[in-house]
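Okay, structure first, notes after.
Hydrogens, waters and symmetry mates play no part in the numbers below; they use all other heavy atoms, side chains included.
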Amino acid sequence: MMRFGRVEISGGFFLLAAWLNYLDPAFLVPMAAVACTAHELGHFVAIYLLNGDVKLIRLTVVGAEMVLEHPFGYWQEGLCALAGPGVNLLLAFLCCEFERGLVFAGLNLALALFNLLPIGRLDGGRALYCTLALLTGQGLAARVCIWLNRLCSGSALAAGFLLAAERGNITLLLTALWLVSAQLQCEFTLWKDKFYV
């Protein structure tokens with residue numbers, strides 16, 4: 001990990017960026033980087049407006065993570081989780097009006113919709129958990145989210161295998177494997193906290 005003030009960047013992040021840039025004859029990686037930066041700025045601005053203090057920004061192979069000095073309550077965390085996809089949806093709406101902006105609009109739309117999936121590590125999963133925890137309590141919210149995570153991750157994994165077998169495209173398969181590993185890690189943490197407190 002390299003650290004620059006409050007920003008921590010993994011070596012894997014640089015390797016992934018270089019590899020994607022090497023494989024990108026259509027100039028999509030720089031546009032995707034702008035869409036991802038706008039997404040993270042949406043989170044950051046929401047945190048700032050809710051008087052949060054970002055202690056650390058971590059960039060890894062699987063994305064960005066902001067560590068707060070003091071954790072938010074459920075409604076603040078849920079709102080901040082939705083701010084990133086909200087910015088991408090706004091950019092998609094604005095850019096689809098221009099013929100030259102259609103690719104950028106599509107990238108923003110794809111990023112927003114992916115992040116809104118109700119899977120734990122993604123913004124949609126965090127917002128869903130926060131909403132359910134406010135309405136029903138932590139226990140039921142955790143159980144519902146775990147089963148929904150399993151269903152979505154399993155479906156993505158099955159679709160990834162199918163797409164890889166039929167078309168040779170492993171992008172969805174790799175994404176699904178990451179989602180499944182994140183789900184297993186989350187469930188293991190919950191199990192460990194329950195039995196080893």
Side-chain angles (χ1 to χ4, degrees), residues 6 8 10 35-92 108-160 172-197:
R6 292 183 180 191
E8 194 173 81
S10 73
C36 291
T37 301
H39 179 96
E40 297 306 329
L41 281 173
H43 292 309
F44 188 82
V45 168
I47 291 168
Y48 175 79
L49 291 175
L50 292 170
N51 296 319
D53 187 18
V54 176
K55 179 171 65 172
L56 178 69
I57 299 172
R58 188 175 296 127
L59 302 175
T60 66
V61 172
V62 294
E65 176 187 1
M66 292 183 201
V67 180
L68 301 181
E69 192 71 47
H70 305 287
F72 277 144
Y74 290 129
W75 75 267
Q76 294 99 331
E77 184 178 342
L79 191 62
C80 290
L82 293 175
V87 166
N88 292 126
L89 289 173
L90 178 64
L91 286 172
N108 276 284
L109 183 62
L111 183 61
L113 294 178
F114 175 75
N115 273 282
L116 286 173
L117 288 173
I119 298 175
R121 298 278 306 241
L122 301 177
D123 297 327
R126 289 177 37 227
L128 177 65
Y129 173 78
C130 290
T131 303
L132 290 175
L134 277 171
L135 297 174
T136 66
Q138 291 177 340
L140 182 58
R143 287 193 298 278
V144 168
C145 287
I146 283 174
W147 283 104
L148 196 54
N149 286 345
R150 289 176 181 170
L151 177 67
C152 291
S153 300
S155 299
L157 191 60
L172 180 59
L173 180 60
L174 293 175
T175 304
L177 287 171
W178 171 72
L179 292 172
V180 168
S181 70
Q183 174 61 23
L184 292 174
Q185 182 183 19
C186 180
E187 287 189 33
F188 177 74
T189 302
L190 288 172
W191 177 81
K192 188 175 70 170
D193 290 346
K194 183 176 180 181
F195 292 105
Y196 296 103
V197 174

Atom pair [atom1]/[atom2] of [X] and [Y] - distance to nearest 0.5 Å:
X	Y	atom1	atom2	answer
Leu177	Leu172	CG	CG	9.5 Å
Ile57	Glu8	CD1	CD	11.0 Å
Leu109	Leu89	CG	CG	6.5 Å

Exercise for the section: Would you list the pairs meeting ring-ring contact (aromatic ring centres under 6.0 Å, His included) in which at least one residue belongs to residues 37-69, sequence neighbours left out? Expected result: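 Qualifying pairs: His39-His43.
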Distance-only donor-acceptor hits, side chain of residues 128-136, under 3.5 Å, sequence neighbours excluded:
residue: Thr131; atom: OG1; partner: Ala127; partner atom: O; Å: 2.9
residue: Thr136; atom: OG1; partner: Leu132; partner atom: O; Å: 2.7

Practice task
Scan for side-chain hydrogen bond (donor to acceptor under 3.5 Å, both in side chains) pairs involving residues 62-74, sequence neighbours excluded, and state none if there are none.
Solution key: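 Listed by first then second residue: Arg58-Glu65, Tyr74-Gln138.
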Exercise for the section: State which residues pass side-chain contact (heavy atoms from CB on, under 4.5 Å) with Leu122; sequence neighbours excluded, sorted by chain then number. Expected result: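 Leu122 satisfies side-chain contact (heavy atoms from CB on, under 4.5 Å) with Phe114, Asn115, Leu117, Ile119, Trp178, Leu179 once adjacent residues are dropped.
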Exercise for the section: With sequence neighbours excluded, tell me which residues meet side-chain contact (heavy atoms from CB on, under 4.5 Å) with Ala46. Expected result: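 Expected list: Cys80, Ala83.
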Handout entry: Within residues 124-149 or reaching into it, pairs that qualify as salt bridge (Lys or Arg N to Asp or Glu O under 4.0 Å) - sequence neighbours excluded
Key = Glu77-Arg126, Asp123-Arg126
Problem - Worked verdict on Val54 versus Val67 for side-chain contact (heavy atoms from CB on, under 4.5 Å) - result: CA-CA 6 Å; Val54 176; Val67 180; over 6 Å; no
Handout entry: Ala35 backbone acceptor or donor facing Asn88 side chain under 3.5 Å
Key = yes
Exercise for the section: Would you mind reporting whether Leu41 and Val87 have side-chain heavy atoms less than 4.5 Å apart? Expected result: no
Problem - Heavy-atom side-chain contact between Leu173 and Leu157 under 4.5 Å - result: yes
Problem - Exercise: identify the closest heavy-atom pair between Ile47 and Met66 - result: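 Shortest heavy-atom contact: CD1-SD, 3.8 Å.
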Fill in the blank from the handout: In short, Val180 meets Ser153 closest at the heavy-atom pair CG2-CB, 3.8 Å
